[in-house]
Number of protein chains: 2
Amino acid sequence: MRISQLSAASGVPIPTIKYYLREGLLPPGEQTSATRAEYDVGHVRRLRLIRALLEVGRLSIASIRKVIAAVDDEDLGMHKVLGTAHYALAPAVEAHEDDEEWRRARAEADRLIADLGWRIDPGAPTRDELAQAILTLDRLGMPATGEALRPYAAAAIDLVVEHEIGTIPIDGPREAAVEALVVGTVVHGRVLDILRRLAHESVSARFFGVPES
Amino acid sequence: MRISQLSAASGVPIPTIKYYLREGLLPPGEQTSATRAEYDVGHVRRLRLIRALLEVGRLSIASIRKVIAAVDDEDLGMHKVLGTAHYALAPAVEAHEDDEEWRRARAEADRLIADLGWRIDPGAPTRDELAQAILTLDRLGMPATGEALRPYAAAAIDLVVEHEIGTIPIDGPREAAVEALVVGTVVHGRVLDILRRLAHESVSARFFGVPES
DNA sequence: GTCATTGGCTAGCTGTACTATCCAATAATG
DNA sequence: CATTATTGGATAGTACAGCTAGCCAATGAC
């Protein structure tokens, strides 16, 4: 398969494929001569992964590179790979260590996690993300205690345990499992968010008494 | 309150405040002379709203402008304002009307919404977003039927009905209610996403047998 | 009277995700 | 075998977002 065919098969323009090659998101094709390289279905797959992370997961190219490096590292365990994807999804909230308010929010986040009995790396950036969300809710005068957030945590754990982790093809090849895990994490997150907004619209229509169209 | 005090009170640098004024996100202060304008707590509040939508909600400046215009429009009903926020959160997925695969995914999305009995505007961009997510899952060989997504829908509706819509201060001033609604929608969405990723990490640690640290 | 601050303006900067163009080497085609 | 198209590789340019910086005359505080 040549680059033009790869482009046709994936729907990604040639210059963009070249860009991904340069950026190390896509492994180079097998060189058959100085001006020809051969690509295969693995490259089509990889492009699908990239586009899924990019368009649905809204990851940056830099984050995708990290995720892909983890996926490709055969020595990395599943948990580590998934962790890389999680951390790539956490959008680099810089902690304001010196801020009193911030430290309170961060403590609240840590407490919630501890109360739930969840096993989370103490250095996980997700903790900072949670702290920022709590801080924002606080500042806007909305309830952001562990009590208020518990229903969200319950929903989250149910969905993850019963639905997502359960559908991973553990028996298949490592690559398939890792990809399912990473993409599933990212895409299911968006699905849930979309459905929540749809539910919101629907409930709001009834609640605020918009007439049936 | 002058601009430097507004900056100090909100933590937003003066040049950025000037930028928001230019962009129409922040209403101009009351002119007291050619070189002086007076700002008040409303401006601090507004800056908090902007930063929440920007940093937590990850909305673009253009989207925030639309949301704010809706919030400020006294003639607009709650449902309309909330709709504006929802649509601002839907990240402009352009529909590929001519693509057979796409039309199938969109039909699946519409069917799921109809089956759930949800009242969603037929022109809601959220429908397209859902279609794209379904399409992505499909392409990666993951289940994306109504059946598979039902648990997510159930979780979404429970959270929205029981938790979010319930906590809106309907009795207070319109502005407070609208703001709570809009920000709540945005921030709660992120909270749920964050908690889901945390749950994922925790479950994954157990599932893949990472030793207790 | 001096000096810092303000609003308003225009211009510049940084980062991200591409696009476009050029080139010589090669492959396909008649 | 001659012509035409395509390829990989490289470099440069584009478009947009979200600020950031500098300048200016007017003004206000001390």
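Per chain, numbering begins at 1; letters A, B, ... match sequence-line order. The structure displayed is predicted, hence computed values, not measured ones.
- Under 4.0 angstrom from either OP1 or OP2 of D/dG9 there lies at least one side-chain N or O belonging to A/Gln31.
- Checking the phosphate oxygens (OP1, OP2) of C/dT19, a side-chain nitrogen or oxygen of A/Thr16 falls inside 4.0 Å.
- Look at CD on A/Gln5: it is 8 Å from P on D/dT7, rounded to the nearest Å.
- In this structure, CD1 of B/Ile14 is placed 13 Å from C1' of D/dT20, rounded to the nearest angstrom.
- As rounded to whole Å, 14 Å separates atom C1' of C/dC18 from atom CZ of A/Arg65.
- The interatomic distance linking B/Glu38 (CD) with D/dT27 (C1') rounds to 15 Å, in whole Å.
- Nearest-nucleotide mapping onto DNA chain D: of B/Arg2 and A/Lys18, the residue sitting toward the 5' end is A/Lys18.
- Side chain of B/Glu201 to main chain of B/Leu198: no donor-acceptor pair is present (N/O by atom type, distance under 3.5 Å, no hydrogens or angles).
- Judged by distance alone, the side chains of A/Ser7 and A/Ser4 never bring a donor and an acceptor atom under 3.5 Å apart.
- Nearest nucleotide to the side chain of A/Tyr39, out of D/dT20, D/dG8, C/dG7: D/dG8.
- The CD1-C1' distance, from A/Ile17 to D/dT6, rounds to 14 Å in whole Å.
- Residues A/Arg2 and A/Tyr39 form no side-chain contact, since every pair of their non-hydrogen atoms from C-beta on lies 4.5 Å or further apart.
- Closest to the B/Pro13 side chain, of the nucleotides D/dT7, D/dT27, D/dT20, is D/dT20.
- Look at A/Arg106 and A/Asp110 and you find a salt bridge, because one of the NZ, NE, NH1 or NH2 atoms lies within 4.0 Å of a carboxylate O, short of that distance.
- Rounded to whole Å, the distance from CG on B/Leu47 to C1' on D/dC19 is 14 Å.
- Separation of atoms CD1 (B/Ile50) and CZ (B/Arg45) is listed at 12.5 Å; rounding is to 0.5 Å.
- Not one N or O on the side chain of A/Arg196 forms a donor-acceptor pair closer than 3.5 Å with the backbone of B/Leu192.
- A salt bridge does not link A/Asp99 with A/Arg104: every distance from a Lys NZ or Arg NE/NH1/NH2 to an Asp or Glu carboxylate oxygen is 4.0 Å or more.
- When base pairs are accepted only as Watson-Crick or G-U wobble with both N-N or N-O distances under 3.5 Å, DNA chain D takes part in stems of 3 or more pairs at C:1-30 with D:1-30.
- Of the possible donor and acceptor atoms, one in the side chain of B/Arg127 sits under 3.5 Å from a partner among the backbone N and O of B/Asp121.
- Contact annotation: B/Thr35 side-chain N/O to D/dG28 OP1/OP2 distance is not under 4.0 Å.
- Going from atom CD of A/Glu30 over to atom P of D/dT7 covers 17 Å, rounded to whole Å.
- Counting any heavy atom pair closer than 4.0 Å across all strands shown, A/Glu23 reaches no nucleic acid atom.
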Show me the protein contacts with nucleotides 10-17 of chain C, counting only N or O atoms at under 3.5 Å.
| residue | atom | partner | partner atom | Å |
| --- | --- | --- | --- | --- |
| C/dA17 | OP2 | A/Ile61 | N | 3.0 |

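- When rounded to the nearest whole Å, the span between CD1 of A/Ile3 and C1' of C/dT26 equals 15 Å.
- Outside the 6.0 Å centre-distance limit, the rings of B/Phe207 and A/His79 are not counted as a close aromatic pair.
- With hydrogens and angles ignored, the 3.5 Å screen pairs a side-chain donor or acceptor of A/His43 with a backbone N or O of A/Pro27.
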